[in-house]
2 protein chains.
Amino acid sequence: MNTTKRKRLEAKGWKVGSTADFLDLSPEEAAYVEVKLALSKRLQAARRGKNLSQEQLAQLLKSSQSRVAKMEAGDPTVSLDLLVRSLFALGTSRKTLARILG
Amino acid sequence: MNTTKRKRLEAKGWKVGSTADFLDLSPEEAAYVEVKLALSKRLQAARRGKNLSQEQLAQLLKSSQSRVAKMEAGDPTVSLDLLVRSLFALGTSRKTLARILG
DNA sequence: TGACTCAATGTCAGATATGACATATATTGA
DNA sequence: TCAATATATGTCATATCTGACATTGAGTCA
């Protein structure tokens with residue numbers, strides 16, 4: 001996805017609405033965004049399920065509270081890599097990861 | 001994963017061997033690497049299945065032949081984001097993606 | 001009220017990924 | 001064999017992501 005489109009999404013606040021809202025996204029781009037959002041949600045759920053604060057999770061990940069917040073908010077500057085590694089760090093299995101995506 | 005570990009992996013040529021070879025990887029790191037490798041393999045299979053050269057795929061992705069080669073080789077400098085977006089660009093569905101991971 | 005914890009958001013310097021390019025090494029077909 | 005074509009590998013400037021920090025606001029409890 002190019003930067004232009006990202007900024008547009010960012011401006012629109014694509015973290016909150018349903019993915020169907022995002023106009024003029026190619027199917028590939030939409031799928032990619034959906035995947036990221038699904039992982040975001042799951043990350044938050046996993047963290048809450050373990051009764052961890054964002055700060056605590058940040059320590060576990062050797063990251064920062066603000067980045068955790070951005071991960072959970074579906075911020076466009078958060079990579080899939082970081083989301084996936086964070087989920088693994090929380091004990092999510094490959095199988096579960098697959099379930100999230102499918 | 002930190003750079004140090006990455007470089008070690010890179011030096012060892014972690015693209016070729018089985019993932020079990022990679023000593024002293026935490027379970028999370030191993031899972032992450034395995035996921036990337038699985039996607040790499042699938043990308044190459046998908047490309048070949050469509051009888052596309054790396055150069056042709058690169059054009060489709062607006063990337064370059066060398067980066068496609070690195071994606072397929074499981075090069076550590078290739079992000080999950082790029083792999084996933086590339087698979088989507090080749091028509092892979094979310095469901096299929098999930099199957100690759102699970 | 002005020003002190004405290006948690007989470008959201010903006011910014012930025014440094015780290016990492018990227019496309020592009022050069023070049024080397026297959027692989028293929030005549 | 002030769003010459004195309006395909007793929008691998010190294011490098012680099014630029015783009016993007018990252019952790020860290022500051023700040024804000026919301027919620028809780030006494």
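What you are looking at is a predicted structure, and each value in this text was computed from that prediction instead of being measured. Reckoned from all heavy atoms, side chains included, excluding hydrogens, waters and symmetry mates. In what follows, chains are A, B, ... by sequence order, proteins preceding strands, each numbered from 1.
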To the nearest angstrom, how far is B:Arg47 atom CZ from D:dA8 atom C1'?
12 Å
In this structure, how many angstroms lie between the P atom of C:dT5 and the CG atom of A:Asn51, rounded?
17 Å
To the nearest Å, how far apart are A:Leu82 CG and C:dT16 P?
13 Å
So if I take residues 52-65 of chain B and measure heavy-atom distances to DNA chain D, which residues fall below 4.0 Å?
B:Ser53, B:Gln54, B:Gln65
Should the pair B:Glu72-B:Lys41 be classified as a salt bridge under the 4.0 Å nitrogen-to-oxygen rule?
no
In whole angstrom, give the distance that lies between atom CD of B:Glu72 and atom C1' of D:dT7.
9 Å
A:Arg67 has an atom CZ; how far is it from atom P of C:dT9, in whole Å?
13 Å
I'd like to know if the side chain of A:Arg94 reaches the main chain of B:Gly102, judged simply by a donor and an acceptor atom lying under 3.5 Å from each other, with no hydrogens or angles considered.
no
Ranking B:Gln44 and B:Lys70 by the position along DNA chain D of their nearest nucleotide, the one closer to 5' is B:Gln44
Gap between atoms OH and C1', on A:Tyr32 and D:dT16 respectively (whole Å)
11 Å
note: A:Leu80, atom CG; D:dT16, atom C1'; distance rounded to Å ~ 14 Å
Within a strict 4.5 Å, meaning less than it, do heavy atoms of the B:Thr77 and B:Arg67 side chains meet?
yes
Are the side chains of B:Phe88 and B:Leu97 in touch, meaning some heavy atoms are under 4.5 Å apart?
yes
Can you see if the side chain of B:Ser79 gets near the phosphate of C:dT18 - specifically, an N or O under 4.0 Å from OP1 or OP2?
yes
Output yes when A:Arg85 and B:Glu28 qualify as a salt bridge under the 4.0 Å nitrogen-oxygen rule, no when they do not.
no
Could you tell me the separation between the CG atom of A:Asp75 and the P atom of C:dC12, rounded to a whole number of Å?
16 Å
Assess the side chains of B:Glu55 and B:Gln65: does a donor N or O sit below 3.5 Å from an acceptor N or O?
no
